[in-house]
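None of these values were measured; they are calculated from a predicted model.
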Amino acid sequence: MRRNLRMRMSQLFSRTLRQAPSGAESKGYEYLLRAGYIKQLGAGIFSALPLGFRSLRKIEEIIREEMDAIGGQEMLMPVVNTAELWKETGRYFTIDKELSRFKDRTGRDMVLAMTHEEAVTALAAQEISSYKQLPCMVYHIQTKWRDDPRPRAGLIRVREFTMKDSYTFDEDYEGLAKQYAAHYESYFKIFGRCGLPVIAVGSDSGMMGGKVAHEYMYLSPIGEDTIILCGSCGYTANRQVAVCAKDPGDDEQPQDMREVATPGKVTIEALAEFLDIPAKKTAKALFLMGTFTDDENQEYDQLIVALIRGDLEAEDAKIQKAARANRIRGASDEEIRSCGIEPGYGSPIGASGCLVIADDSVAGSPNLAAGANREGYHLLNTNFGRDYTGTVADIAGARDGSICASCGAPMSSSRGIEVGNIFQLGTRYSESLGCTFQDRQGKQKPVVMGSYGIGLGRLLACIAEEHHDEKGLILPITSAPYQVHLVSLLKDSDVPDLIYHELRRAGIEVLYDDRTESAGVKFTDAELMGIPIHITLGKKNLEKECVEISLRGLEGKELISLPNVVSCITAKMYQLKQEIMNSFDVQPLA
RNA sequence: CGGGGCGUAGCCUAGUGGCUAAGGCGCCUGCUUUGGGAGCAGGAGAUCGGAGGUUCAAGUCCUCUCGCCCCGACCA
């Protein structure tokens, strides 16, 4: 990549801010704004200023190198897609307002791509016809638009963003597993080289509609996802899919069901106490409205009754998945009553017109107390299969202290930010868009696909969040906009310019503070901007034919004689890169 | 989409219904200063988010609207 190696700060387009703009909640975001890396244009819409853009390009280059290393071919697909494609895969109908639609001048339906499965699959359908062309992998780095109902947290959750997305095409699932594993490892290298510690966690495939999926999480209190971790065996998963061990149900014969008066006992705690039974002898019912798509691609709503044993908590994402709903929301009392259910005393027994999802804990536990669908009454000894039926699934939410299903140790929870994800898509898109190939036997088969994303801006935001102190950013040399920040405190001297040009000739990227500002202003700005290597030129040291070199974020300064500046800086750069390369491990693929 | 908050100069803020909208930072000019957010002097920059209304008088009160932030719903 051709990159301008130098910049005089007197010419720099952006400027630093002394005060944090209101609304900068996190330090990382505040410093990116104050240092002049980014600027907000609207809700969830940002410009990258020259400094931020350079950092993004550094990140891009790392991604390109790692994608190329596992056989990726870079390309570019359009942001605007014809709606036709999205109708064919159904996502035009199942995705709500997050997908922006518009018409072109002739009235054709168009969409702004949120991701590029449709575009790439349609392309592959034309390009791939034989098993001889497989496996293959393409990627691009492109703008996405998702009209998120609530952008927030600076660059963490935005509407317009740049994403690297790659797609793999294979003959079979074995091939997919290989490319998936290659991405799995490659992502650790990418985040590691960017200086961002991440963990890979099992995840929900959400709107992507795949099977196996992992998310790469940067653990941070400002994260919006909840991660469940087992410190003992290493199990990690997004809470949306995390599994936990559940107490087995009592081993007893089903008893006769009977109604008891339970006035005012509308919570599990109150009910269990009133009936003098443990919470695990109750079935808790949750009522949600699910939105579904019918065969004609029309949306309709249906009440979902989700049942979970009283000692456990339900996870909405699991309910949505088990119900195969496009989305779910809490149901109103009227909606609940319309299915013959009494809020507060509700159960699927006697209800009609609703979809019942029972957690396996409920299905496997006999004689649970449940609502009687009559105000003030509950039923004792309800039994799944005998008294009501429905879909059985794991809909329990793991939480802090839940027991690990693999090793039995208590698990903990942590907040995380998803900086990347990998999905085994399978044939969902290839089937709906007719992306097939002829195998060795001459048979037409759908291509088996994978999809893999990394949000660049979010990655930069996480790097800033991870690498700062009370004075500003301390960026890793691999993603800093420049490698060296040259601060001259001299006037009427041509030495600073000479050093500046010498560094440039050596291929070093230098931000040169040539302004006529006071020393304090320059030091403060340099600290804020977070470029890793600082060179300071002062009068006293210059009299000794020396300059001062320091590393941002570390105590200590070195005096280096003028002829040794370039070699010393080169060595420092090498050392900093090595430190980053040695600081990360690849977590084994479970 | 529900709840809350905020819109006054590039940034941060002040401003009982009452005279020409105030201050700090930043910016411009000149002089001085140059190893930790300098000093002095002068200066530019605001239709107080927008529209309507109440009033003798609106930055301030009312209505509508637009925008942004936060909590929730939502979300690869």
A cation-pi test, strictly: NZ or CZ of Arg101(A) under 6.0 Å from the centre of the six-membered ring of Tyr92(A) and no more than 45 degrees from its axis. Yes or no?
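Cation-pi check for Arg101(A) and Tyr92(A): passes.
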Mark yes or no: Lys144(A) above the aromatic ring of Phe161(A), with NZ or CZ under 6.0 Å from the six-membered ring centre and no more than 45 degrees from the axis.
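No, Lys144(A) does not sit over the ring of Phe161(A).
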Check whether the ring centres of His214(A) and Tyr180(A) lie less than 6.0 Å apart, and answer yes or no.
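So the answer is yes for these two rings.
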Output field: ring centroids Tyr216(A)/Phe188(A) closer than 6.0 Å
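Under 6.0 Å, so yes.
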Measure the CZ-CG distance between Arg18(A) and Leu528(A) for me, rounded to the nearest 0.5 Å.
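If I round to the nearest 0.5 Å, the distance is 11.5 Å.
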Calculate, to the nearest 0.5 Å, the distance between atoms CE and NE2 belonging to Met77(A) and His116(A) respectively.
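Taking CE in Met77(A) and NE2 in His116(A), the distance rounds to 6.0 Å.
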Under 3.5 Å for both donor-acceptor distances, Watson-Crick or wobble: does [N] have a partner, and if so which one?
{"N": "A21(B)", "value": "none"}
{"N": "G67(B)", "value": "C6(B)"}
{"N": "G35(B)", "value": "none"}
{"N": "C61(B)", "value": "G53(B)"}
{"N": "C40(B)", "value": "G30(B)"}
{"N": "G72(B)", "value": "C1(B)"}

Could you report the tightest heavy-atom contact between Ala124(A) and Phe169(A), atom names first, then the distance?
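So the two residues come closest at CB-CE2, 3.5 Å.
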Please check if the number of heavy atoms outside Phe13(A) that lie under 6.0 Å from its CZ is greater than 12.
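At most 12 heavy atoms, drawn from other residues, nucleotides or ligands, come within 6.0 Å of this atom.
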Would you mind reading off the distance between [X] atom [atom1] and [N] atom [atom2], rounded to a whole angstrom?
{"X": "Phe13(A)", "N": "G10(B)", "atom1": "CZ", "atom2": "C1'", "answer": "12 Å"}
{"X": "Trp145(A)", "N": "C75(B)", "atom1": "CH2", "atom2": "P", "answer": "18 Å"}
{"X": "Arg515(A)", "N": "C28(B)", "atom1": "CZ", "atom2": "C1'", "answer": "17 Å"}
{"X": "Lys321(A)", "N": "C75(B)", "atom1": "NZ", "atom2": "C1'", "answer": "15 Å"}

What integer number of Å spans the [atom1] atoms of [N] and [M]?
{"N": "C28(B)", "M": "G17(B)", "atom1": "P", "value": "39 Å"}
{"N": "C12(B)", "M": "C66(B)", "atom1": "C1'", "value": "24 Å"}
{"N": "C62(B)", "M": "G5(B)", "atom1": "P", "value": "13 Å"}
{"N": "G52(B)", "M": "C11(B)", "atom1": "P", "value": "26 Å"}
{"N": "C69(B)", "M": "A46(B)", "atom1": "P", "value": "26 Å"}
{"N": "A58(B)", "M": "U47(B)", "atom1": "C1'", "value": "15 Å"}
{"N": "G24(B)", "M": "G42(B)", "atom1": "P", "value": "13 Å"}
{"N": "U8(B)", "M": "G59(B)", "atom1": "C1'", "value": "7 Å"}

Does [X] reach a base, just sugar-phosphate, or nothing at all? Heavy atoms under 4.0 Å.
{"X": "Asp525(A)", "answer": "base"}
{"X": "Gly420(A)", "answer": "nothing"}
{"X": "Phe161(A)", "answer": "base"}

Taking only the side-chain nitrogens and oxygens of Arg18(A), find out if one of them lies under 4.0 Å from OP1 or OP2 of G26(B).
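True: Arg18(A) side-chain N/O within range (under 4.0 Å) of G26(B) OP1/OP2.
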Side-chain N or O of Ser22(A) versus OP1/OP2 of C12(B): is the shortest distance under 4.0 Å?
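Looking at the OP1 and OP2 atoms of C12(B), one of them is under 4.0 Å from a side-chain N or O of Ser22(A).
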Between Glu465(A) and Lys27(A), is a salt bridge (charged side-chain N to carboxylate O under 4.0 Å, His left out) present by the stated rule, with each step listed?
CA-CA 7 Å; Glu465(A) 204 56 47; Lys27(A) 278 292 169 194; over 6 Å; no
Got a list of protein N/O to nucleotides 33-36 of chain B N/O distances below 3.5 Å?
from   : atom 1 : to        : atom 2 : distance (Å)
U34(B) : O2'    : Leu489(A) : O      : 3.4
U34(B) : O2     : Glu517(A) : O      : 3.4
G35(B) : O6     : Gly538(A) : N      : 3.3
G35(B) : O6     : Asn541(A) : ND2    : 3.0
G35(B) : N1     : Glu548(A) : OE1    : 3.0
G35(B) : N2     : Glu548(A) : OE1    : 3.2
G35(B) : N2     : Glu548(A) : OE2    : 2.9
G35(B) : N2     : Lys557(A) : NZ     : 3.4
G36(B) : O4'    : Gly520(A) : N      : 3.2
G36(B) : N1     : Glu527(A) : OE2    : 2.9
G36(B) : N2     : Glu527(A) : OE1    : 2.5
G36(B) : N2     : Glu527(A) : OE2    : 3.4

Position toward the 5' end of RNA chain B (nearest nucleotide), Leu41(A) or Lys97(A):
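The residue closer to the strand's 5' end, by nearest nucleotide, is Lys97(A).
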Show each protein N/O and nucleotides 22-24 of chain B N/O combination with a separation under 3.5 Å, one pair to a line.
from   : atom 1 : to       : atom 2 : distance (Å)
G24(B) : N2     : Gln19(A) : OE1    : 3.1

Atom pairs, N/O to N/O, protein against nucleotides 70-74 of chain B, distance under 3.5 Å?
from   : atom 1 : to        : atom 2 : distance (Å)
C71(B) : OP2    : Arg150(A) : NH2    : 2.1
G72(B) : N7     : Arg150(A) : NH1    : 3.3
C74(B) : OP1    : Ile328(A) : O      : 3.1
C74(B) : O2     : Arg157(A) : NH2    : 2.8
C74(B) : N3     : Arg157(A) : NH2    : 3.3
C74(B) : N4     : Arg152(A) : NH2    : 3.4

Answer yes or no: is there an ion pair linking Lys284(A) with Glu313(A), defined by an N-O contact shorter than 4.0 Å?
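Looking at Lys284(A) and Glu313(A), the cut-off is not met.
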